There are 2 protein chains.
Amino acid sequence: MARVSIIGTGTMAKAIADVVGRGGGAVDLLGRDDDRVTGEIVVLAVPYGALADVVARLGAQLAGKVVVDISNPVDFTTFDFLVVPADGSAAAELAEALPASRVVKAFNTNFAATLSTGTVGGQPTTVLIAGDDADAKALLAGIVTAGGLRAVDAGPLRRARELEAVGFLQLTLAAAEKVAWTAGFAVAA
Amino acid sequence: MARVSIIGTGTMAKAIADVVGRGGGAVDLLGRDDDRVTGEIVVLAVPYGALADVVARLGAQLAGKVVVDISNPVDFTTFDFLVVPADGSAAAELAEALPASRVVKAFNTNFAATLSTGTVGGQPTTVLIAGDDADAKALLAGIVTAGGLRAVDAGPLRRARELEAVGFLQLTLAAAEKVAWTAGFAVAA
């Protein structure tokens, strides 16, 4: 199984590391100052605003790798809009900044707690994965399913725009206490 | 309880009529050629492309009423994008065309079958409602909950953009047989 490096030390970084670990995969948790990335799959578990710095520091090392964008580029001051262009996405920006990497969007519609418990409202937690490289998506899907979750191919990378809308909407509902941070959107097959 | 008029004769029109009926509410199902609208709440259960015609024929009668937009403005030829501006929504267009009406977005994230069965993946079917008029949203929510479903206030009408992204994504997943037309996104509280 592919080695996974996770950049970030927050709850999402730890929850994704747990998923990889449950599946028996090798995982490195890297702080933002670590400068060696060994995984074939690299999860950027940092806020949207920190992506540019990661690209500047580690971009050359990410060439050829599967790079997973989990961000929700929400304006957290107003909680009322996304800070990316209306016809774009954080993932599209990242793919443009890392042309030699295989960028996929995933995990941004999952709350950390649901990655750990493996369930949302009685359904298996489902990781929606968008990307233009079928092999990259399959590689990540294998790790997700080995970790006990469901993986669903959500289409090409331009579907990241819709995934980020789902993530944003879900965050607004949780912030307004309409759904719990342990619940949210489930995907019933 | 407010009388509901439903314009349209498709599966969504019938499923929404069932919800109203289960709650004991009065409902009229109107074909596109009927020219009298009696309900206080009017559900436009027609495709996005037919909304302009409804506005042209019945707009004056819709003044003061709660008008419910259920549309998913998907380009059904490519199934790859929405036909509304990236920073807009079908609901926003409708609200602009009907300035004297109280437009809400609802039902566009629900497949017809889940309105009829009342469940999605073991969760109660949840109708996400966005709008700028709190009373209008509460009126619709009352009808939805009387009909045995959950209603969740999804925020102001500008959140229709995200609801339409959710509806679009869900349609692409169903078309690709990643989810069943009897399932899809559930909302776990």
Side-chain angles (χ1 to χ4, degrees), chain A residues 72 74 78-82 84-89 105 109 111 113-114 117 119-126 128-130 141 150-156 158-189, chain B residues 72 74 78-82 84-89 105 109 111 113-114 117 119-126 128-130 141 150-156 158-189:
Chain A
N72 281 307
V74 177
T78 62
F79 239 104
D80 199 29
F81 56 89
L82 297 179
V84 291
D87 61 352
S89 66
K105 185 89 196 182
T109 64
F111 288 147
T114 70
T117 61
T119 63
V120 184
Q123 290 287 315
T125 298
T126 299
L128 296 167
I129 305 175
R150 284 183 63 223
V152 166
D153 183 345
R158 59 187 175 276
R159 276 299 84 68
R161 185 177 147 201
E162 283 72 39
L163 293 183
E164 292 175 15
V166 172
F168 171 32
L169 181 64
Q170 187 175 235
L171 284 166
T172 67
L173 294 177
E177 301 187 354
K178 303 290 170 62
V179 304
W181 293 100
T182 53
F185 291 128
V187 182
Chain B
N72 281 306
V74 177
T78 62
F79 239 104
D80 200 30
F81 56 89
L82 297 179
V84 291
D87 61 352
S89 67
K105 185 90 196 183
T109 64
F111 289 149
T114 69
T117 61
T119 64
V120 184
Q123 289 287 315
T125 299
T126 298
L128 296 168
I129 304 175
R150 282 183 64 224
V152 166
D153 184 344
R158 58 187 175 275
R159 276 300 84 68
R161 184 176 147 200
E162 284 72 38
L163 293 183
E164 292 175 15
V166 172
F168 172 32
L169 181 65
Q170 185 176 235
L171 284 167
T172 67
L173 295 176
E177 300 186 354
K178 303 288 170 63
V179 303
W181 292 99
T182 52
F185 291 127
V187 182

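In what follows, chains are A, B, ... by sequence order, proteins preceding strands, each numbered from 1. Quick caveat, the model's predicted, so the values are computed rather than measured.
- Residues forming a side chain to side chain donor-acceptor pair (under 3.5 Å) with A:E162 (at least two apart in sequence, or on another chain): A:R159.
- Heavy-atom pairs under 4.5 Å with chain A were tallied for B:A165, B:G121, B:A189, B:A183; the largest tally goes to B:A189.
- Ranking B:E164, B:Q170, B:R158 against chain A, the residue ahead of the rest is B:R158, based on heavy-atom pairs under 4.5 Å.
- Proximity to chain B involves both the backbone and the side chain of A:V187, based on heavy atoms less than 4.5 angstrom apart.
- The two residues A:A188 and B:V120 come nearest to each other via the heavy atoms CB-CG1, 4.0 Å.
- Taken from OG1 in A:T172 to CG in B:D153, the straight-line distance is 9.5 Å, to the nearest 0.5 Å.
- Taking B:G122, B:G88, B:A180, B:G184 one by one and counting their heavy-atom pairs under 4.5 Å with chain A, the maximum is reached by B:G184.
- With a threshold of 4.5 angstrom between heavy atoms, A:L128 approaches chain B through side-chain atoms but not through N, CA, C or O.
- Screening residues 168-189 of chain B for salt bridge (charged side-chain N to carboxylate O under 4.0 Å, His left out), with sequence neighbours left out, gives no hits.
- Heavy-atom distances place both the backbone and the side chain of A:F185 under 4.5 Å from chain B.
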